[in-house]
Amino acid sequence: MDTNVQTITEQVSLIASEQTWIEGAAIQQLKKTAELDGMVRVAGMPDLHPGRGYPIGAAFYTRDKIYPALVGNDIGCGMSLWQSSLKVSKINLDKFAKKFARVEAPLDDSWCELVAERKKEKNITNHSFDLSLGTIGGGNHFTEFQAIDQVYDTDALSALGLDKKQLQLLVHSGSRGLGQSILVEHIRQFNHTGLNAGSENAQRYLQQHDEAVRWAELNREFIARRFLEAGKADGQMILDINHNLVTAKTLDNQNGYLHRKGATPSDAGYVVIPGSRGDYTYLVRPLPSDKSLYSLAHGAGRKWRRGECQGRLSHKYKKDDLYQTPLGSRVICGNKELLYDEAPQAYKKCQSVVSDMADAGLVEVIARLRPVLTFKTHGDCAG
DNA sequence: ATGTGC
């Protein structure tokens with residue numbers, strides 16, 4: 001018996017302990033998705049929650065079919081961890097928080113040369129969404145400064161070049177309007193029907209998809225660079241991992257396609273599993289395994305649906321109560337909806353999600369990071 | 001999720 005690997009049906013498995021709460025609707029979506037033509041196996045992660053038709057926090061393995069709708073609109077969305085040159089001990093939160101007034105506008109002319117150079121290096125030929133490059137976007141996207149709070153594997157931390165004294169920067173964003181435009185065009189032409197692998201249409205989608213993945217990577221890079229510049233710091237990228245994408249993958253000596261929707265690859269080196277803005281982020285070493293379709297949770301996972309959070313929180317918490325967290329961190333969020341929808345209370349405890357995976361033999365925890373400053377948006381009251 | 005809907 002595999003610990004924390006639940007068998008829902010012959011095709012569908014769920015990585016979670018019996019104690020981990022997962023919404024029934026998400027399990028139903030998982031089972032429904034397993035019925036798609038060409039679907040071989042489906043694996044839910046411990047952060048599984050309902051999405052629009054398809055669940056979030058899951059990996060889907062197909063043979064002969066590609067489903068753009070399973071990847072969704074935010075193609076290439078992921079997490080990027082940078083180490084800044086700033087010392088945690090030197091940070092004055094009041095002063096520091098004021099430095100990020102101009103990080104939401106399109107990148108100004110001073111970035112023009114570097115943008116052109118990096119786009120060329122990453123073979124990005126699409127220019128329609130240049131104004132969004134270097135911007136976080138909405139929803140659950142964020143930029144967060146963090147401090148390494150606990151170290152469980154000193155050697156691994158050093159091997160990654162991480163120094164406990166330095167302030168870290170975590171960026172969660174994706175391909176913005178570019179990924180959206182690719183999905184919208186696909187749905188217009190084919191609705192939710194899968195594409196035949198190897199067909200001209202599939203090849204065209206994959207080509208657009210791959211460019212959106214590279215665009216999303218570059219977006220996170222420029223978000224990190226502009227936040228570092230605003231904070232008067234340097235920095236270097238430690239890791240970058242995509243959790244919304246489809247890739248070719250050989251399983252059981254057969255070729256197929258692994259779709260990940262809010263599922264972090266476990267076959268691409270070290271990754272971070274971020275908690276909500278009031279919770280810890282975990283740096284882990286994935287142990288690649290077929291039982292989770294080479295995937296992991298991409299975060300703590302929603303407990304409450306978007307839109308229902310304000311109603312559940314507003315009687316108990318005033319807006320001002322949500323600008324700081326029990327871990328001592330600050331939140332910059334000028335948008336009322338996002339303030340409530342992304343509140344820590346709306347998410348599960350990240351520790352439980354990570355221990356579900358650790359007990360399943362899918363990860364080893366390297367370090368724990370605590371939030372220092374979470375940036376969402378200045379919203380209407382910018383400045 | 002969305003150079004975001006009425």
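So that the names make sense, note that chain A is the first sequence line, chain B the second, and so on, each numbered from 1.
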Which part of the nucleic acid does A/G179 contact within heavy-atom distance under 4.0 Å: base, sugar-phosphate only, or nothing?
->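 Nothing: the residue A/G179, judged by heavy atoms under 4.0 Å, touches no strand.
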Have a look at A/G139 and say if it touches a base, only the backbone sugar-phosphate, or nothing, with a 4.0 Å heavy-atom cut-off.
->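 The answer is sugar-phosphate, as A/G139 gets under 4.0 Å only of primed atoms, P, OP1 or OP2.
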Tell me, please, which residues at least two apart from [X] pass side chain to side chain contact (heavy atoms under 4.5 Å, CB included).
| X | value |
| --- | --- |
| A/P344 | A/S276, A/R277 |
| A/R52 | none |
| A/V115 | A/L107, A/W111, A/K119, A/L133, A/F222 |

Quick one: salt bridge (charged side-chain N to carboxylate O under 4.0 Å, His left out) partners of A/D109, sequence neighbours excluded?
->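 Scan of A/D109 (salt bridge (charged side-chain N to carboxylate O under 4.0 Å, His left out), adjacent residues dropped) gives none.
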Could you list the donor-acceptor pairs under 3.5 angstrom formed between side-chain atoms of residues 197-205 of chain A and any protein atom two or more places apart in sequence or on another chain?
| from | atom 1 | to | atom 2 | distance (Å) |
| --- | --- | --- | --- | --- |
| A/S199 | OG | A/N196 | O | 2.7 |
| A/S199 | OG | A/A202 | N | 3.1 |

Give every pair of a protein N or O atom and an N or O atom of nucleotides 3-6 of chain B that lie under 3.5 Å apart, one pair per line with the distance.
| from | atom 1 | to | atom 2 | distance (Å) |
| --- | --- | --- | --- | --- |
| B/dG3 | OP2 | A/R176 | NH1 | 3.2 |
| B/dG3 | OP2 | A/G177 | N | 2.4 |

